[in-house]
Visitor: 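Just passing along the structure, written as structure tokens.
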Amino acid sequence: MTKLLAGAAADMSSTPIDWQGGSGAFWVWGDFDGASVSLEASPDGENWFGLGEQVVMHEKGVGGFALGPCRLRATLANASASTSVSAVV
């Protein structure tokens, strides 16, 4: 597994990783306190696309995805004072 977020506490996007293609699982956990974490993909590292509700987490969860080769990142939105979340693929 590759760590995308580790105890993230402010709105941010993770450092992108290279995805070689295939199916995967997006694991997210921690204290959300109203925040959401989403998995995004890019064909070029410049233009980012949401992958749908199955990989947008508002609480601890796992979502599946299947993609060709691309770049992936996790984005934390609406973080508050007690938000602290982690995510891996």
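As the structure is a prediction and not an experimental result, all values here were calculated from the model. Only heavy atoms go into these numbers, but all of them, side chains included; no hydrogens, no water, no symmetry mates.
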Visitor: Say whether, by atom type as modelled, one donor and one acceptor occur between the side chain of S42 and the main chain of N47 under 3.5 angstrom.
Guide: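 Such a contact is found between S42 side chain and N47 backbone.
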Visitor: Considering non-hydrogen atoms only, spot the tightest contact between V56 and S38 and give its length.
Guide: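 Shortest heavy-atom separation between V56 and S38 comes out as CG2-CB, 3.8 Å.
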Visitor: Minimum heavy-atom separation for G68 to W19, with atom names?
Guide: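 Looking at all heavy atoms of both residues, the shortest contact is O-CD1, 3.7 Å.
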Visitor: Heavy-atom count check: over 12 atoms from other residues, nucleotides or ligands less than 6.0 Å from E59 CD?
Guide: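 No, CD of E59 has 12 or fewer neighbouring heavy atoms, counting only those of other groups under 6.0 Å.
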Visitor: Does V62 belong to the same Ile/Leu/Val/Met/Phe/Trp/Tyr cluster as V37, with side-chain heavy atoms less than 4.5 Å apart forming each link?
Guide: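 V62 does not cluster with V37.
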Visitor: Would you say the side chains of S82 and D31 form a donor-acceptor pair under 3.5 Å?
Guide: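 Per modelled atom types, S82 and D31 side chains form no pair under 3.5 Å.
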Visitor: Assess the residue pair L4 and L39 against the criterion (side-chain contact (heavy atoms from CB on, under 4.5 Å)); give the C-alpha distance rounded to whole Å, side-chain angles, the decisive distance to 0.1 Å, and a yes or no.
Guide: CA-CA 10 Å; L4 297 174; L39 185 64; 4.1 Å; yes
Visitor: With a 3.5 Å distance limit and no angle check, can you tell me whether S84 reaches the backbone of A8 through a side-chain donor-acceptor pair?
Guide: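 No.
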Visitor: Applying the 4.5 Å side-chain criterion to the ILVMFWY set and letting contacts propagate, would W29 and M1 be lumped into a single cluster?
Guide: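 In one cluster with W29: M1, yes.
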Visitor: For residues L72 and W48, report the shortest heavy-atom separation together with the two atoms involved.
Guide: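 Smallest heavy-atom distance, with atoms named: C-CZ3, 4.0 Å.
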Visitor: Is there a path of hydrophobic side-chain contacts, each under 4.5 Å between heavy atoms, that joins L51 and F26?
Guide: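 Yes, one cluster joins them.
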Visitor: Taking all non-hydrogen atoms of both residues, which atom of L67 and which atom of A41 are closest, and how far apart?
Guide: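 For L67 and A41, the tightest heavy-atom pair comes out as CD1-CB, 4.1 Å.
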Visitor: Can you see which heavy atom on G50 is nearest to which on E40, and at what distance?
Guide: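 Heavy atoms of G50 and E40 come nearest at CA-CG, 4.4 Å.
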Visitor: What distance do F65 atom CZ and S23 atom OG have between them, rounded to the nearest 0.5 Å?
Guide: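 F65 CZ to S23 OG: 8.0 Å, rounded to 0.5 Å.
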Visitor: For atom CH2 of W27, is the number of surrounding heavy atoms from other residues, nucleotides or ligands below 6.0 Å larger than 12?
Guide: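 No, CH2 of W27 has 12 or fewer neighbouring heavy atoms, counting only those of other groups under 6.0 Å.
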Visitor: For the CZ atom of F32 and the CG atom of L76, what is their distance to the nearest 0.5 Å?
Guide: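 Rounded to the nearest 0.5 Å, the CZ-CG separation comes to 8.5 Å.
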Visitor: Looking at every non-hydrogen atom in both residues, tell me the closest pair between A87 and A74 and how far apart they are.
Guide: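 Smallest interatomic distance, heavy atoms only, reads CB-CB, 4.5 Å.
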Visitor: Out of curiosity, R73 CZ to M12 CE, how far, rounded to the nearest 0.5 Å?
Guide: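 Separation between the atoms: 10.0 Å.
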